[in-house]
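Below is one structure, written out as structure tokens; the observations come after it.
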Amino acid sequence: MNTATSNAPPTQPAGGAVPTRQPTAEEIIAARRWVEEQKIILVLSRGFDGVAVHPPVPNSNIQEYNRVLERLDRTLANIETYIHLAYAVLKKEDVVRRLYNMIAYTQFQVKELKKPKPRFVLDIHTIRGMIQEADNMDSGLKTILGLRMQPSMTASSTGPFAQPAPQTAVFRTPTSFVSSGSPAQPGGYVYANSGEGEVRLGGPSAMRHNERS
């Protein structure tokens with residue numbers, strides 16, 4: 001097997017069913033590397049100078065605004081701890097990019113709130129929609145990955161996978177990825193068949209996403 005380092009993401013099957021299996025240590029390492037590259041592109045190197053802003057949140061509502069934003073930030077941070085494992089198993093680039101687009105907006109807004117005159121790139125309704133999407137993604141991925149990995153896998157990139165019964169994950173790609181950097185109307189859904197019924201991994205989307213390679 002060729003294990004040479006490459007900037008290209010691990011091979012993704014073209015459409016249809018994605019058979020889930022125990023990934024090798026090399027595949028997990030490659031998945032982590034690719035996920036980290038997406039974070040650099042979509043979060044660390046991202047600018048918000050041209051992004052439309054919302055009116056300032058009134059003082060009477062700022063406490064609730066902070067509460068829901070912190071809730072979103074915690075949920076996204078939790079997903080990020082295991083998203084490389086999800087990618088190693090499922091090879092779904094759109095789920096990783098969706099996650100990091102939400103993280104980019106959330107982290108930017110958190111930093112802005114520490115300033116005397118913050119910009120608001122997210123209104124409270126958008127944040128609540130993103131919470132719903134993040135919760136769906138978190139529960140959907142855990143439903144699938146929980147069938148085939150031990151609890152310690154969320155903290156380790158090379159730990160042992162449990163031996164699962166043969167199953168197949170089937171996805172419908174989101175239909176509303178557009179090249180922009182501002183909030184959008186609800187987009188497509190990502191589904192998976194985990195053997196226990198259809199699972200929703202993401203959507204409706206409260207954000208527009210940059211689909212960058």
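Just so it is clear, the values below take in all heavy atoms, side chains as well, and ignore hydrogens, waters and symmetry mates.
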Below 30° counts as parallel, above 60° as perpendicular, anything between as tilted: where do the rings of Phe120 and Tyr65 land?
perpendicular
Whether the side chain of [X] engages the backbone of [Y] through a donor-acceptor N/O pair (distance < 3.5 Å, no angle test) should be reported.
{"X": "Thr143", "Y": "Ser139", "answer": "yes"}
{"X": "Glu64", "Y": "Asn61", "answer": "no"}
{"X": "Gln109", "Y": "Val121", "answer": "yes"}
{"X": "Glu112", "Y": "Arg119", "answer": "yes"}
{"X": "Ser45", "Y": "Ile41", "answer": "no"}

Quick one: do Glu37 and Arg33 make a salt bridge, cutoff under 4.0 Å?
no
Strictly below 4.0 Å, N to O, side chains only: are Arg71 and Asp135 in salt-bridge contact?
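Salt bridge present between Arg71 and Asp135.
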Over 12 foreign heavy atoms within 6.0 Å of CG, Asn59:
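Counting neighbours around CG of Asn59, 12 or fewer heavy atoms of other residues, nucleotides or ligands fall under 6.0 Å, so no.
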Do you know the tightest heavy-atom contact between [X] and [Y]?
{"X": "Ala134", "Y": "Leu72", "answer": "CB-CD1, 4.3 Å"}
{"X": "Gln107", "Y": "Asp73", "answer": "CG-OD1, 4.5 Å"}
{"X": "Glu27", "Y": "Ala88", "answer": "O-CB, 4.3 Å"}

Distance, nearest 0.5 Å, that separates [atom1] of [X] from [atom2] of [Y]:
{"X": "Asn136", "Y": "Ile131", "atom1": "CG", "atom2": "CD1", "value": "12.0 Å"}
{"X": "Asp138", "Y": "Ile79", "atom1": "CG", "atom2": "CD1", "value": "4.5 Å"}
{"X": "Met137", "Y": "Asn78", "atom1": "CE", "atom2": "CG", "value": "12.0 Å"}
{"X": "Thr75", "Y": "Glu70", "atom1": "OG1", "atom2": "CD", "value": "12.0 Å"}
{"X": "Leu76", "Y": "Thr106", "atom1": "CG", "atom2": "OG1", "value": "5.0 Å"}
{"X": "Ile103", "Y": "Tyr100", "atom1": "CD1", "atom2": "OH", "value": "5.5 Å"}

Within the 4.5 Å heavy-atom criterion, are [X] and [Y] side-chain neighbours or not?
{"X": "Lys142", "Y": "Tyr82", "result": "yes"}
{"X": "Leu85", "Y": "Val89", "result": "no"}
{"X": "Arg128", "Y": "Gln132", "result": "no"}

Please evaluate residues Glu80 and Lys39 with respect to the criterion side chain to side chain contact (heavy atoms under 4.5 Å, CB included), reporting the C-alpha separation (whole Å), side-chain torsions for both, the decisive distance (0.1 Å), and the verdict.
CA-CA 10 Å; Glu80 189 180 14; Lys39 182 174 183 178; 3.0 Å; yes
Let me see the working for His84 and Glu36 under side chain to side chain contact (heavy atoms under 4.5 Å, CB included), right down to the final yes or no.
CA-CA 9 Å; His84 65 290; Glu36 289 174 349; over 6 Å; no
Evaluation steps, side chain to side chain contact (heavy atoms under 4.5 Å, CB included), between Met130 and Val68:
CA-CA 10 Å; Met130 291 167 68; Val68 295; over 6 Å; no
With Val96, which of Asn101, Ile83, Leu42, Leu90 fulfils side-chain contact (heavy atoms from CB on, under 4.5 Å)?
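Exactly one pass, corresponding to Ile83.
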